[in-house]
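Report on the following structure.
Letters A, B, ... are given to chains in the order of the sequence lines, protein chains preceding strands, and every chain is numbered from 1. Just so it is clear, the structure is predicted and the values come from calculations on it, not from any experiment.
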Protein chains: 2
Amino acid sequence: MPRTDMIDIKEAQEVFIDCLKSRGLRYTSQREAILETFLSSMKHLTVEELYALVKEKNMDIGYATVARNMKFLVECGIADEIKVGNKRTRFERHYGRQHHDHLICLKCGAFIEVHDSNIEMLQNKLAEANDFVPQRHKLEIYGICRECR
Amino acid sequence: MPRTDMIDIKEAQEVFIDCLKSRGLRYTSQREAILETFLSSMKHLTVEELYALVKEKNMDIGYATVARNMKFLVECGIADEIKVGNKRTRFERHYGRQHHDHLICLKCGAFIEVHDSNIEMLQNKLAEANDFVPQRHKLEIYGICRECR
DNA sequence: GGTGATATTGATAATGGTTATCATTATTGT
DNA sequence: ACAATAATGATAACCATTATCAATATCACC
Ligand SMILES: [Mn+2]
Ligand SMILES: [Mn+2]
Ligand SMILES: [Zn+2]
Ligand SMILES: [Zn+2]
């Protein structure tokens with residue numbers, strides 16, 4: 001694991017601990033394991049996948065605990081939810097990252113991260129032109145990735 | 001109801017009938033009621049809402065029949081599915097309309113239809129730059145609409 | 001360190017939307 | 001009319017998510 005990731009995890013840990021404290025909540029060993037496993041993976045994980053990863057580290061943990069705490073990570077700004085269709089919700093790191101959108105492969109399910117500030121700018125103009133105050137958006141392009149062709 | 005909508009419904013009816021025929025399926029009174037009610041509404045409807053509308057026209061019909069046939073309408077290119085978060089799937093007319101995206105109000109749930117060909121063009125370039133063959137996309141901007149401010 | 005208050009955990013049940021099942025009814029072609 | 005096939009609709013099954021709650025762990029305070 002590269003050093004920068006270690007530093008990121010330490011920082012995120014502090015953010016998480018502060019966020020929990022401000023709500024009268026505690027930083028438990030389960031929460032530490034979930035946070036570290038999540039941030040180390042660098043993938044777009046489901047609760048089930050993360051649950052399996054935490055258990056691999058000979059950590060005895062319950063599915064509900066993982067699910068519950070991923071919600072807290074989202075509320076604390078450390079994780080983001082990704083909902084595609086009716087499939088299981090996935091989570092990705094949010095803290096320390098910039099906004100991005102996704103190209104999603106219909107064959108292998110890969111998430112390719114992209115960003116285009118021109119598109120973002122035009123989106124804001126589009127909202128403004130409709131007297132609409134934008135708060136967030138979701139752009140997903142579905143198709144076939146390089147490897148699947 | 002404006003005349004153009006009547007014509008639209010007649011056209012869509014033919015498309016639906018042809019699509020059903022090509023699959024060895026039949027055009028029933030329930031399917032007619034679902035199609036006409038759906039196309040007349042001009043809204044982004046859930047199965048439940050459409051089910052209620054069909055029943056209002058003193059049509060005795062089952063929920064499963066509405067749900068099943070909305071799937072057929074999608075497969076026949078007459079309707080489009082809209083899935084936002086984990087909320088119930090909504091349907092809108094597809095046949096005879098051009099592609100558009102949505103501004104979605106977080107307060108009242110309104111769907112404002114928008115289109116920006118520059119954004120669409122940039123999306124295609126973005127996909128191409130990543131060696132990705134786009135097939136479809138979903139752009140949703142969440143915020144507060146004019147009426148809710 | 002002991003104590004009472006409060007939060008956490010994890011097994012399991014409940015929920016809610018969607019889809020499948022299947023006996024009954026309707027339609028079709030001959 | 002008959003046999004074949006599809007459609008319907010009540011209900012059950014499914015599945016991801018969320019709620020419940022008894023048992024356990026942690027905290028603040030003395
Ligand atoms: Mn991502
Ligand atoms: Mn629309
Ligand atoms: Zn792929
Ligand atoms: Zn609104």
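At dA6(D), none of the side-chain N or O atoms of R23(B) fall inside 4.0 Å of OP1 or OP2 (strictly under the cut-off). Here R88(A) does not reach the OP1 or OP2 of dC15(D): none of its side-chain N or O atoms lies under 4.0 Å away. For dA16(D), neither phosphate oxygen OP1 nor OP2 lies less than 4.0 angstrom from any side-chain nitrogen or oxygen of K87(A). Distances shown here put every side-chain N or O of T65(A) at or beyond 4.0 Å from the OP1 or OP2 atom of dT9(C). For dT8(D), one of the phosphate oxygens OP1 or OP2 lies less than 4.0 angstrom from a side-chain nitrogen or oxygen of N69(B).
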Check the pair Y95(B), E11(B) against side chain to side chain donor-acceptor pair (under 3.5 Å), reporting the backbone distance first and the verdict last. CA-CA 9 Å; Y95(B) 177 76; E11(B) 272 185 34; 2.9 Å; yes
Could you walk me through whether E49(B) and R90(B) satisfy the salt bridge (Lys or Arg N to Asp or Glu O under 4.0 Å) test, starting with their C-alpha distance in whole Å, then the side-chain angles of each, then the deciding distance to 0.1 Å, before giving a yes or no? CA-CA 9 Å; E49(B) 288 164 353; R90(B) 290 183 175 276; 3.1 Å; yes
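Protein atom NZ of K21(A) is 17 Å distant from nucleotide atom C1' of dT6(C), rounded to whole Å. Atom OH of Y51(A) and atom P of dT9(C) are 14 Å apart (whole Å). At whole-Å resolution of the value, CG in L25(B) and P in dA6(D) are 8 Å apart. Atom P of nucleotide dT8(D) and atom CD of E32(B) are separated by 12 Å, given to the nearest angstrom. Straight-line distance from the CZ atom of R68(A) to the P atom of dT9(C): 6 Å, rounded to whole Å. I82(A) has its CD1 atom 17 Å from the P atom of dA16(D), to the nearest Å. Rounded to a whole Å, the CG atom of L45(A) is 16 Å from the P atom of dA16(D).
Pairing of C19(A) with C76(A) by a disulfide is supported, the SG atoms lying closer than 2.5 Å.
For R26(B) against dT5(D), a side-chain-to-base donor-acceptor contact under 3.5 Å is present.
Among the atoms of the strands shown, only primed sugar atoms or phosphate atoms (P, OP1, OP2) are found under 4.0 Å from some heavy atom of T28(B). Residue contacts for Q30(A): at a heavy-atom cut-off of 4.0 Å it reaches the sugar-phosphate backbone alone, with no base atom in range. Residue R31(A) is in sugar-phosphate contact alone, with no base atom involved, counting any heavy-atom pair closer than 4.0 Å across all strands shown.
A search for salt bridge (Lys or Arg N to Asp or Glu O under 4.0 Å) contacts involving R23(B) returns E75(B), not counting sequence neighbours.
Closest-nucleotide positions on DNA chain C for R90(B) and L20(A) were compared, and the one nearer the 5' end corresponds to L20(A).
V66(A) pairs with exactly one of L53(A), I61(A), T37(A), T46(A) by the side chain to side chain contact (heavy atoms under 4.5 Å, CB included) rule, that one being I61(A).
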